[in-house]
Amino acid sequence: MAELAQVIVDVPTLQTNRPYTYQVPPKLEHQIQVGMRVIVPFGKGKRSVQGFVVGLDQPADFQGTLKQITALMDLVPVVNSEMMQLSHWLADKTYSFWISCLYTMLPNMLKAKSKRIVKLVQPLAPEDQAIFGQQNVLDYSLVQNQASIVSRLLTLKRAGKVQFEYQVQDRARVKTVAQIQPVLTVDEYKQLRSKTRANATAQRKMLDYLQSIVGQQVLISQAQKTTHLSSANFRQAEDKGWISMQQIEQYRQPFGAELTDPAAKDPLYLNLDQQRALASVKQSIDNRQSTVFLLQGVTGSGKTEVYLQAMAHALQQGKTALLMVPEISLTPQIAERVRARFSSQVAVLHSGLSAGERYDEWRRIERGEAQVVVGARSAVFAPLKNIGIIIMDEEHETSYKQDDAPRYHSREVAKWRAKYHHAPLLLGSATPSLESYSRALAGNYQLLQLPHRVNKRPLPPIKIVDMRPEVQRRGESNFSTALLTALQERLTKHEQSILMLNRRGFSSFIMCRDCGFVLKCPNCDISLTMHLDTHTMRCHYCGHEEPIPQRCPQCHGRHIRYYGTGTEKATKELQALLPTARILRMDVDTTRRKGMHEKLLQKFGSGQADILLGTQMIAKGLDFPNVTLVGVLNADTGLDLPDFRASERSFDLLSQVSGRAGRADKKGQVIVQTFNPDNYVIRLVQAHDYRKFFNTEMQIRQLASYPPYYYTIRLMGSHEDEQVAAKMMYDIRQELGKQLASDTMILGPTPRAIARLKKRYYYQIVIKYRQDPQLHSLLTKIMQEAQNKYQRGAELAIDPDPQYFL
DNA sequence: AGCACGCCGACT
DNA sequence: GTCGGCGTGCTC
C-alpha cells in the first residue's frame with residue numbers, strides 16, 4: 001500500500017533534477033514499487049512524461065494539490081535497489097541529472113518516446129482542415145519545422161479549436177514468434193485427409209504434416225521450412241480448428257554462427273605466474289573481500305586465461321561474473337573465448353547490438369538466465385545479482401570514460417559495485433594507467449604480475465627506422481626500405497603482417513599552397529577531413545559535409561594540397577610497391593557497416609590476405625598466429641599532442657601493437673618508423689620497459705602537477721555568444737578562488753582548443769587539487785546556481801577526471 | 001524541455 | 001486599441 005510516490009521525471013534540467021511527489025491512484029496502490037517506470041502529468045497543459053519511482057510514502061512538503069500518476073509502465077521494477085543507490089551516487093559524483101544516470105544504466109528501449117499530437121475539437125474552415133487531411137489528429141513532429149503551419153495551429157489552439165496532447169509510448173518490445181501445436185489425434189487427421197479433394201494439395205500436405213507432429217510444438221518458421229507451406233496455410237488450419245497457435249517470447253540472437261572450436265571449452269594449463277595470480281583472486285572471491293587487483297602482464301602472457309578461470313571459480317560458488325573490455329567490436333576474439341568457455345551462460349553487451357538485441361540481453365541478465373556478462377563501458381551497469389568478480393581488461397583504455405554526461409569512468413563504477421557485492425575487482429593491462437600503477441605501488445591495489453609470454457618466446461625485437469634520411473633519399477613515402485624488405489620477406493614465406501597508421505587526433509585536411517587556406521567547418525572552427533569514398537569534406541564533430549573543392553575558396557588558386565595520409569592513400573601506395581600482396585584496409589570507413597569489423601578480421605584470420613593495414617583499431621586484442629611482422633608507419637603522430645597524457649597513450653598504443661607479432665610459435669618482428677627516433681617514449685617501447693617509462697613519466701607529471709599527483713576537474717561553459725560564455729567562466733573562477741584549499745590550482749578560463757562547436761562558444765577552467773574536501777560541494781553549488789545566475793542559454797558542464805584537456 | 005504568463009512594438 | 005513577439009519562471 002502506497003499512497004504517495006516520489007518520481008524523477010524525464011526532464012533533464014537542473015531545475016527538475018529532484019523527486020516530485022504524486023498521488024498513487026487506489027487501483028495502483030498494491031502494484032507500485034520503487035524502480036518502476038510511470039507516466040505522470042508534468043507542468044501546465046496536457047503534457048505527460050515518463051518517470052521513475054524513487055521512493056514511496058515519503059511525506060510531501062509541497063503546498064498544493066498533488067497530481068496523480070497516470071499509469072505504471074512496468075509490472076516489475078526495472079531498477080533494483082542496488083541500481084537505485086548506484087544511480088544516485090553516480091549523479092552526485094559526475095554532477096549530472098539523476099534521470100540521465102537512470103537512463104544510462106538501462107537499455108535504450110526503456111526510454112519511452114514522447115509524441116506530441118494535435119487533436120481537433122471543433123470543425124475547422126476548409127483551408128485549416130487541409131492541415132489535418134482526412135484525420136482529426138495530427139502528429140506534431142511532421143509539421144513542427146513548417147513555421148506557417150505551426151503558427152496557424154497555435155492560433156487555432158488559442159481559439160479553442162484544437163488541443164495539444166502528449167502520448168508517452170513505451171518502445172520496449174518483446175519479440176515473439178508463432179508456434180503451432182496439433183490439437184487433433186492422428187486418426188482424426190487421417191479421417192480429415194480422406195475427405196479432402198484430390199486436388200487440394202496444400203490441405204493434404206498440411207494434414208500429412210500435422211499427423212507427423214502430433215504431441216509436439218513446432219515453431220511456425222520451422223514448420224514452413226519443412227512443408228514449404230505458407231503462413232496463410234497455417235492460419236487457415238488454425239481457423240479450421242486443426243491446430244492451435246501461440247505467440248511465444250523469443251530472445252533476439254545477436255550472435256551469428258555457432259561456435260566452432262569445442263576445445264576452447266576446456267581451461268588451459270596455467271604457468272606458475274598465472275597460478276599465483278589466480279590463487280590470490282580466488283581467495284578474495286572466497287573471502288568476500290572487495291580487493292582491487294592490478295594484473296600487469298606483457299602482451300601474450302595469458303591474462304585472458306586467468307580471467308576465465310577466475311570467472312569459472314565465481315560461477316562454481318554460485319555467483320555471477322562481469323568482464324569488461326574496451327570495445328567489443330575491436331576485440332571480438334576475447335568475447336568469443338568467453339562464449340566458448342561458458343556458452344549459453346554468457347550475455348554480451350556492446351554498441352554493435354541493435355536496440356532489441358540489447359534489450360533482450362539485458363533481460364536475460366536481469367532474470368538471472370545469464371550469469372556471465374562481457375561488455376564494453378556501459379556493461380558495468382549490467383543488472384547482475386550476487387556478483388562474485390568484476391574484471392576490467394585493458395584498464396588503461398580511455399574508452400572506459402564516457403565523454404558526455406554522465407561523465408563516468410567504468411573503473412570507478414566497477415569499484416563501487418565490487419564493494420557493494422563484496423567481490424574483488426581485477427584490473428588487467430600490459431601497460432597500466434599511471435593512476436592504477438601508482439596505486440598498486442602504494443599498496444592501495446594488490447599488484448599481480450605476469451612477466452613472461454605463455455609461449456616462452458621473448459617479446460619481439462623492435463627496430464626503429466629514422467624516416468628523415470629515408471625521405472631525403474626517396475622522397476615522401478609511407479614505407480621505408482627496411483619495412484618494404486621485411487614485408488617482401490613475409491610474402492615469400494607466406495606469413496602475415498599488420499601495419500598501423502597512427503592517426504589519432506589528426507586527419508587528412510586540405511590546404512592551399514598559395515595562400516595557406518585550410519577548409520574549416522562553418523559550425524565548429526576545425527578543419528574538415530577528406531573522405532575519398534564519398535568525395536566529400538566532413539566535419540568529425542558535427543557531421544557537416546561539403547564537396548571537395550577544386551580551387552581554393554579564398555584565392556581561387558589551383559594548388560590545393562592534401563595533407564596527411566590516410567589509410568586509403570597508404571594502401572594505394574603499398575599496392576603499387578608490392579603488386580602481388582593481398583592487402584586489407586581497416587579503418588572507420590571500411591568498418592562503418594555493421595559486422596564489417598568481424599568480417600575483415602575473419603578474412604585476415606583465415607589467410608585470405610597478406611597484409612592488414614589499419615588505424616589504431618588494429619592495435620588491440622588481435623591474436624593471429626601467422627602474423628610475424630608488425631609495422632608502425634608513423635609513430636610520431638600523437639606524441640606532440642597538447643595533452644598531458646599524449647606520451648602515455650603513445651606508449652600504450654605502440655606496446656600494444658608490437659604485441660601482435662609472434663604470438664604463436666613463430667618468431668615476431670616489429671618495425672617502427674619515426675621522425676623522432678630519440679624520443680624517450682619510442683626508445684622505451686623498444687626496450688619493452690614499462691617500469692622505466694612509468695618512472696620517467698611520473699617525474700614529468702610531478703613537475704607539472706598532473707595526475708596521478710593531482711586530481712583534475714574540468715569545467716566547461718558555453719553559449720552562442722562568446723562574450724557570455726567568457727563572462728560566466730570568469731565569474732566562476734572568481735567564486736572558486738575564494739574558497740579553495742591553498743595547494744589547489746585553477747587554470748583558465750581559456751577558450752577551448754575547439755572554441756566553437758555546433759555554433760556555440762566554449763570556455764573552460766581546469767582545477768588541479770590534491771585534497772580539497774570543500775570542492776565537491778562547492779562545485780555542486782556552482783552547478784546549481786548556474787541555472788539562474790547567468791544569461792539564458794548558458795550551459796555549464798563539469799567533467800571530473802577528464803581524459804583530455806583539449 | 002515546454003508551456004503560460006506578461007510586458008513591449010507593429011498592425012487593422 | 002489588439003495581435004503576437006520573446007524574455008521569465010515554474011513544473012508535484
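All values derive from a computational prediction rather than experimental measurement.
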Taking every heavy atom of Glu735(A) against every heavy atom of Glu785(A), the minimum-distance pair comes out as OE2-OE1, 3.5 Å

Residues which pass side-chain contact (heavy atoms from CB on, under 4.5 Å) with Ser48(A), listed by chain and number, not counting sequence neighbours: Ile39(A), Tyr166(A), Val168(A)

Are the side chains of Asp799(A) and Thr712(A) in touch, meaning some heavy atoms are under 4.5 Å apart? no

Which residues in residues 46-62 of chain A have at least one heavy atom lying under 4.0 Å from any atom of DNA chain C? Phe62(A)

Within residues 10-44 of chain A, the residues having a heavy atom closer than 4.0 Å to DNA chain C are Gln15(A), Thr16(A), Arg18(A), Tyr20(A), Thr21(A), Tyr22(A), Pro41(A), Phe42(A), Gly43(A)

Give me the first and last nucleotide of DNA chain B, going 5' to 3', that has any atom under 4.0 Å from a heavy atom of chain A. dA1(B) to dA4(B)

Not counting sequence neighbours, list each pair that qualifies as a ring-ring contact (aromatic ring centres under 6.0 Å, His included) and has a residue in residues 106-137 of chain A. none

Opening and closing nucleotides of DNA chain C in contact with chain A, under 4.0 Å to non-hydrogen atoms: dG4(C) to dC12(C)

Backbone N or O of Val11(A) within a donor-acceptor pair of the Thr16(A) side chain at under 3.5 Å? yes

By side-chain contact (heavy atoms from CB on, under 4.5 Å), which residues pair with Lys157(A), not counting sequence neighbours? Val162(A), Phe164(A)

Are a donor atom and an acceptor atom from the side chains of Tyr763(A) and Glu722(A) found within less than 3.5 Å of each other? yes

List the residues meeting side-chain contact (heavy atoms from CB on, under 4.5 Å) with Ile117(A), not counting sequence neighbours, and say none if there are none. Lys115(A), Glu165(A), Gln167(A)

Residues at least two apart in sequence or cross-chain that pass side-chain contact (heavy atoms from CB on, under 4.5 Å) with Lys727(A), listed by chain then number, are Asp731(A)

Give the table of side-chain donor-acceptor pairs shorter than 3.5 Å for residues 56-64 of chain A, with sequence neighbours excluded, one pair per line with atom names and distance.
{"from": "Asp57(A)", "atom 1": "OD1", "to": "Glu3(A)", "atom 2": "N", "distance (Å)": "2.9"}
{"from": "Asp57(A)", "atom 1": "OD1", "to": "Leu4(A)", "atom 2": "N", "distance (Å)": "3.0"}
{"from": "Gln63(A)", "atom 1": "NE2", "to": "Asp61(A)", "atom 2": "O", "distance (Å)": "3.3"}

Donor-acceptor pairs are to be reported for all side-chain atoms of residues 94-103 of chain A against protein atoms at under 3.5 Å, with residues two or more places apart or in another chain.
{"from": "Thr94(A)", "atom 1": "OG1", "to": "Leu90(A)", "atom 2": "O", "distance (Å)": "2.8"}
{"from": "Thr94(A)", "atom 1": "OG1", "to": "Ser96(A)", "atom 2": "OG", "distance (Å)": "2.4"}
{"from": "Tyr95(A)", "atom 1": "OH", "to": "His776(A)", "atom 2": "ND1", "distance (Å)": "3.0"}
{"from": "Ser96(A)", "atom 1": "OG", "to": "Thr94(A)", "atom 2": "O", "distance (Å)": "3.4"}
{"from": "Trp98(A)", "atom 1": "NE1", "to": "Ser87(A)", "atom 2": "OG", "distance (Å)": "2.8"}
{"from": "Tyr103(A)", "atom 1": "OH", "to": "Asp10(A)", "atom 2": "OD2", "distance (Å)": "3.2"}
{"from": "Tyr103(A)", "atom 1": "OH", "to": "Gln50(A)", "atom 2": "NE2", "distance (Å)": "3.1"}

Surrounding NZ of Lys67(A) (heavy atoms of other residues, nucleotides or ligands, distance under 6.0 Å), is the total greater than 12? yes

Kindly determine whether Phe644(A) and Tyr710(A) satisfy ring pair (Phe, Tyr, Trp, His ring centres under 6.0 Å), including the steps that lead there. CA-CA 12 Å; Phe644(A) 75 92; Tyr710(A) 276 74; over 10 Å; no

Short side-chain to backbone donor-acceptor contact, Lys768(A) and Ile713(A), under 3.5 Å: no

Answer yes or no: is there a side-chain heavy-atom contact under 4.5 Å between Asp170(A) and Arg37(A)? yes

Any residue in residues 92-105 of chain A with a heavy atom nearer than 4.0 angstrom to DNA chain C? Just list them by number, or reply none. none

